[in-house]
Amino acid sequence: MEQNRRVRVRFAPSPTGALHIGGVRTALYNYLFTKQNGGDMILRIEDTDSQRFVPGAEEYIIEALNWLGIKFDEGVGYGGKHAPYRQSERKDIYRKYVDILLENGKAYIAFDTPEELERQRAVIPNFQYDATTRGSMRNSLTMEESEVEALIAVGAKYVVRIKIEPEEDITVNDIIRGKVTINSSVLDDKVLYKSADNLPTYHLANIVDDHLMEISHVIRGEEWLPSAPLHLLLYRAFGWEETMPHFAHLPLLLKPDGNGKLSKRDGDRLGFPVFPLEWRDPKSGDVSSGYRETGYLPEAVVNFLALLGWNPGTEQEILSMDDLIRLFDIERCSKAGAKFDYEKGKWFNHKYMQEKSNDDLAALFCPVLKEYGIDPAKYDIPYIISLVKERVSFVKELWNQTSYFFIAPETYAEKDIRKRWKDGMPEIITALITLLEKEDFSAEKLEPIVLDWIAANGYHLGNTMNAFRLAVVGECRGPHMFLITDVIGKEETIKRLKYALQEIKPID
RNA sequence: GGCCCUUUAGUCUAUCGGUUAGGACGCAAGAUUCUCAUUCUUGAAAGAGGGGUUCGAUUCCCCUAAGGGCUACCA
């Protein structure tokens with residue numbers, strides 16, 4: 001990389017809805033790259049499509065990235081010396097630069113309406129507005145200057161198009177893909193400035209803003225690779241090629257079924273969230289789930305996403321944000337799209353759950369308990385969590401694993417009744433009640449007493465303990481039995497055993 | 001259709017011409033255990049196909065195929 005230019009990157013989403021997980025990864029890679037280089041991270045909102053603007057999207061994007069720990073130095077909501085950072089507030093700037101292009105002959109005015117273009121496309125196969133066709137269209141290249149002026153004076157709608165010179169090989173040097181060359185003849189004279197809303201298109205606004213905001217590296221999705229040559233031509237047209245940013249086009253995140261890139265519209269259709277945060281579409285009212293609400297830890301999401309398209313080259317997979325900033329290497333990014341593997345995401349969350357302290361998990365779990373009508377203050381929640389945490393991947397799953405600590409079972413798992421509540425068992429449980437009633441109930445004391453009693457009477461250890469477990473828990477699962485009885489106490493344990501004796505009928 | 005990008009197990013990937021092709025998720029089996037889960041151990045599983053270049057190709061080149069992207073007054 002040439003000169004000692006300060007590293008400045010931007011994440012430039014369009015506020016057309018929730019940010020999807022692929023966009024999050026793009027933001028993450030930008031962040032990792034700029035932070036490891038001591039650079040700046042800029043948030044620019046590209047709202048030049050007034051038709052597709054969705055209220056709330058901008059706030060959503062900021063909140064989502066904030067949740068994930070991706071921090072900005074400048075931009076919408078953060079301020080900075082290049083403000084404003086919302087493109088809709090930069091109209092005058094774009095107009096000025098469009099005029100420069102018009103003056104130096106790099107762009108021209110076209111009066112063709114969308115309907116007229118539609119007709120051309122219907123009549124001429126593969127119609128493209130370019131050097132071969134613009135001579136027969138209604139534009140400032142084919143019309144008299146006086147006529148153009150007259151039309152504008154009358155208020156005729158027009159667009160500004162870039163004038164692409166044909167038969168020139170254009171090479172973009174991509175950090176990830178190397179040199180990508182295409183011939184200018186396959187490019188069309190893209191609209192730079194729209195008549196519909198008097199706003200620039202992405203292409204123009206993007207180049208002007210990246211230049212003005214002194215962006216050093218453009219790290220974006222592969223869907224932009226085909227228009228990169230156009231962007232290079234625009235830098236040239238403005239005479240900015242010397243300070244043009246470096247480009248890196250990231251491989252796309254693909255649907256797990258292998259049909260296309262992951263998109264916002266996938267919502268929950270694929271069986272997992274595609275959004276970082278829950279999103280309620282303001283128009284349809286549809287709610288799509290988010291990673292946060294599903295119970296993901298932000299560290300897990302960041303770690304998982306970082307490894308979709310990049311890896312450190314070692315066998316280490318659990319990486320904190322600081323690790324990632326230190327190890328990230330944009331040149332090591334893979335080139336091929338990555339299918340989104342939700343199962344692996346779950347595994348990451350499990351790993352991060354295990355690293356959380358019991359107190360931290362308790363703080364996350366208490367709201368869930370309250371939803372179920374349990375008062376956490378009455379229990380030692382961190383201790384209960386310590387008994388079951390290793391068997392869950394999400395905070396919400398803690399409820400399935402701990403509900404019997406708070407609520408006595410009313411039904412019993414049929415397969416466990418069938419296996420463990422056989423003839424003679426009710427009598428053994430009745431005898432167990434008699435034993436328990438006179439014993440000390442701490443786990444360490446009770447365990448040898450009960451085990452010795454089972455052995456002394458010649459009962460089957462597995463069957464007896466599992467019947468005991470079935471009566472107390474409702475099914476045969478959970479942590480060590482005497483740790484459970486220790487938590488729920490003598491009175492409750494005996495109550496549950498007595499209840500089970502009336503309720504459970506052996507199944508043959 | 002045109003243009004561009006890509007191609008190692010089901011999935012994410014390591015390998016920068018010479019390896020028993022490594023790791024992880026998932027899957028299967030076993031061990032541990034009063035149960036389920038965790039954990040541990042083991043296992044099955046890959047270089048798209050065809051040509052070159054080379055003493056030697058997963059690795060470099062070409063062709064084909066497949067997948068993906070773009071092809072709007074959307075980003």
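Reckoned from all heavy atoms, side chains included, excluding hydrogens, waters and symmetry mates. Proteins come first, then strands; the chains are lettered A, B, ... in the order of their sequence lines, and each starts at number 1.
- Using a 3.5 Å distance cut-off with no hydrogens or angles, the side chains of A:Arg332 and A:Asn311 do pair a donor with an acceptor.
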Acceptor/donor pairs from residues 159-168 of chain A side chains to any protein atom, 3.5 angstrom cut, sequence neighbours excluded:
residue, atom, partner, partner atom, Å
A:Arg161, NH1, A:Asp189, O, 2.7
A:Glu167, OE2, A:Ser185, OG, 3.3
A:Glu168, OE2, A:Arg236, NH1, 2.9

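- Of all nucleotides listed (B:U35, B:C12, B:G26), B:U35 comes nearest to the side chain of A:Arg477.
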Please write out the pairs of protein N or O atoms and N or O atoms of nucleotides 29-31 of chain B separated by less than 3.5 Å, giving the distance to one decimal.
none

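- The residue A:Ser195 sits close to a base: some heavy atom pair falls under 4.0 Å.
- In this structure the side chain of A:Gln120 reaches within 4.5 angstrom of the side chain of A:Met137, judged on heavy atoms.
- Applying the ring-ring contact (aromatic ring centres under 6.0 Å, His included) criterion to A:His231, with sequence neighbours excluded, gives A:Tyr202, A:His203.
- When the ring-ring contact (aromatic ring centres under 6.0 Å, His included) test is applied to A:Phe11, no partner is found at least two apart in sequence or on another chain.
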Expected list for residues 20-30 of chain A: side-chain donor-acceptor pairs under 3.5 angstrom, two or more places apart:
residue, atom, partner, partner atom, Å
A:His20, ND1, A:Gly22, N, 3.1
A:Arg25, NH1, A:Leu308, O, 2.6
A:Arg25, NH2, A:Pro251, O, 2.3
A:Thr26, OG1, A:Gly22, O, 3.2
A:Tyr29, OH, A:Ala306, O, 2.7
A:Tyr29, OH, A:Leu308, O, 3.3
A:Tyr29, OH, A:Trp310, N, 3.4
A:Asn30, ND2, A:Thr26, O, 2.9
A:Asn30, ND2, A:Ile219, O, 2.9

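- The distance from atom NZ of A:Lys255 to atom OG of A:Ser263, rounded to the nearest 0.5 Å, is 4.5 Å.
- Interface residues of residues 480-488 of chain A facing RNA chain B, ordered by number: A:His480, A:Met481; criterion, heavy-atom separation under 4.0 Å.
- A close approach under 4.0 Å does occur between a side-chain nitrogen or oxygen of A:Lys194 and OP1 or OP2 of B:C74.
- Judged purely by distance below 3.5 Å, without hydrogens or angles, the side chains of A:His350 and A:Glu390 never pair a donor atom with an acceptor atom.
- By the 4.5 Å heavy-atom criterion applied to side chains, A:Val450 and A:Leu436 are counted as neighbours.
- A:Asn349 and A:Ser393 share no donor-acceptor pair across their side chains, judged by distance under 3.5 Å alone.
- A 3.5 Å limit on both hydrogen-bonding distances identifies B:G69 as the Watson-Crick or G-U partner of B:C3.
- Not a single ring-ring contact (aromatic ring centres under 6.0 Å, His included) links A:Phe468 to another residue, sequence neighbours left out.
- Residue pairs meeting the side-chain hydrogen bond (donor to acceptor under 3.5 Å, both in side chains) criterion with at least one partner in residues 395-407 of chain A, sequence neighbours excluded, are A:Gln401-A:Arg477.
- Annotation: salt bridge (Lys or Arg N to Asp or Glu O under 4.0 Å) contacts involving residues 109-123 of chain A, sequence neighbours excluded, comprise A:Glu116-A:Arg138.
- At a threshold of 4.0 angstrom between heavy atoms, the contacts of A:Val159 include nucleobase atoms, whether or not backbone atoms are also involved.
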Can you name the atoms? Protein N/O to nucleotides 62-64 of chain B N/O, anything below 3.5 Å, with the distance.
none

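- Listed by residue number, the members of residues 303-317 of chain A with any heavy atom below 4.0 angstrom from RNA chain B are A:Leu307, A:Leu308, A:Gly309, A:Asn311, A:Glu315, A:Glu317.
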Short N/O separations, protein against nucleotides 4-9 of chain B, under 3.5 angstrom:
residue, atom, partner, partner atom, Å
B:C5, O2', A:Arg177, NH1, 2.5
B:C5, O2', A:Glu222, OE2, 3.0

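- Mapped onto RNA chain B by nearest heavy atom, A:Gly345 and A:Thr16 fall at different nucleotides, with A:Gly345 at the one closer to the 5' end.
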